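To start, the structure under review is shown below, and the notes come after it.
In this text the structure is predicted, and so the values were computed from the model without any measurement.
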Amino acid sequence: MKRFFKKAGRWINDRSGLSEMVKPLMNHPVPPHSKWAYVFGSATLFCFILQVATGIALALLYQPSSDQAFQSLQYITYKATMGKTLRAIHYYGASGMIIMVGIHMLRVYITAAYKYPREMSWISGVVLLILTIGMGFTGQLLRWDDNGVWSAVVAAEQMGRIPLIGKSLARLLLGGDTLGGQSLSRFFSYHVFLFPALIFIFVSFHLWLVMRNGISEPPQAGRLVDPRTYRQWYQNMLRQSGVSFWPYAAWRDALFGSITIIVIFVLAVIFGPPALTKPPDP
């Protein structure tokens, strides 16, 4: 059996070239002092993968129609096997993802890692923060209870006050002038298709920028960043004292990401999902 799996692995690698893609990711050098303060970006990715997995599981039972959505969530919560825990994991995973991306961006700002040559990494990170918040917000309406529905109404009213384009944005959000069944379908599309697809695209772009420009070194007082010499200085620093991402840095990301997932599971088991209030009453 062991020989079979080795042979199958060699065949897959030969036909797909997976090692040629994975090895540069694992072997790229990182600054030697990039330690625990740098784990929050990977923890955000761990949370996103958890959200995708639990979201797919919930979508198998959820019915995105105005007359069945609330009842399907009641079924998931009270009758489906592990449904209540699954909802809770998805709920706390969303909070965890927002917290981790917030801390990650705070670390980047405090350590001035948004400066040359990583400005585009900062911009793509800001976009990812907005998309993460948007995905969390659109998920609220999918509960199709009184609380989720009226939070969407308040958001639409706020967007409607933006000069010139406010009414158009509110219509785009709700799928019409008032909230109804079409709004649920639109929020479901935002939450399940649009925002996850954009997050996948920008995460890939963000990681490619990390590979291209490297991980920022911890700042030092008096050491200024000169765009004319920085790239050469950075490469020399990595050649002299850099360490391979795997395993010298990756183990911290894996450990902290695993702890984050475990905490989310523990919170889900102890506290459960947010309670469903009542069906919306316009």
Side-chain angles (χ1 to χ4, degrees), residues 22 25-26 28 30-31 33-58 86-115 118-140 190-218 245-268 273-274:
V22 174
L25 295 174
M26 295 291 100
H28 79 275
V30 298
H33 302 296
S34 304
K35 296 185 178 180
W36 290 105
Y38 289 71
V39 300
F40 297 102
S42 297
T44 304
L45 184 59
F46 272 65
C47 290
F48 177 62
I49 294 172
L50 178 68
Q51 290 304 95
V52 171
T54 54
I56 291 173
L58 289 170
L86 188 64
R87 270 196 64 212
I89 293 172
H90 197 68
Y91 172 75
Y92 288 106
S95 301
M97 186 175 174
I98 292 175
I99 291 171
M100 291 301 162
V101 73
I103 298 175
H104 176 57
M105 294 192 70
L106 186 63
R107 194 278 304 169
V108 170
Y109 182 78
I110 290 174
T111 59
Y114 56 85
K115 294 183 177 181
R118 302 178 181 87
E119 299 95 332
M120 191 56 69
S121 295
W122 174 260
I123 293 171
S124 62
V126 171
V127 174
L128 284 169
L129 174 64
I130 295 171
L131 292 174
T132 300
I133 294 173
M135 195 163 74
F137 167 70
T138 53
Q140 281 190 317
Y190 291 153
H191 188 73
V192 175
F193 301 112
L194 179 62
F195 285 130
L198 290 175
I199 288 176
F200 271 115
I201 292 171
F202 277 93
V203 164
S204 300
F205 181 55
H206 198 71
L207 293 176
W208 182 80
L209 289 172
V210 170
M211 291 292 297
R212 183 179 186 274
N213 298 318
I215 296 175
S216 64
E217 73 286 354
F245 175 71
W246 177 268
Y248 300 106
W251 73 269
R252 295 186 189 88
D253 291 346
L255 177 61
F256 186 78
S258 300
I259 292 173
T260 301
I261 300 302
I262 291 171
V263 170
I264 291 171
F265 271 74
V266 171
L267 291 173

Which residue pairs pass the side-chain hydrogen bond (donor to acceptor under 3.5 Å, both in side chains) test with at least one member in residues 249-266, sequence neighbours excluded?
-> Ser42-Asp253
Go through the structure and list residues passing side-chain contact (heavy atoms from CB on, under 4.5 Å) with Gln140, not counting sequence neighbours.
-> Phe137, Arg143, Ser151
In this structure, are over 12 heavy atoms from other groups packed under 6.0 Å from Trp246 atom CH2?
-> no
Identify the heavy atoms of Arg87 and Pro274 that sit nearest to each other, and give their distance.
-> NH2-O, 3.1 Å
Flag, side chain of Tyr114 to backbone of Met105, donor-acceptor distance under 3.5 Å = no
More than 12 non-hydrogen atoms from neighbouring residues, nucleotides or ligands closer than 6.0 Å to CE on Met120, yes or no?
-> no
Quick one: list whatever passes side chain to side chain donor-acceptor pair (under 3.5 Å) with His90, sequence neighbours left out.
-> Thr54
How far apart are the closest heavy atoms of Phe205 and Ser124, and which atoms are they?
-> CD2-CB, 4.0 Å
Could you pull out the closest heavy-atom pair between Ala113 and Ser216, with the gap in Å?
-> CB-OG, 3.2 Å
I would like to know whether Phe265 and Leu50 meet side chain to side chain contact (heavy atoms under 4.5 Å, CB included); could you show each step before the answer?
-> CA-CA 11 Å; Phe265 271 74; Leu50 178 68; 4.0 Å; yes
List the atom of Ile264, the atom of Ile89, and the distance in Å for their closest heavy-atom pair.
-> CG2-O, 3.8 Å
Which atom pair, heavy atoms only, marks the closest approach of Gly214 to Arg118?
-> O-NE, 2.9 Å
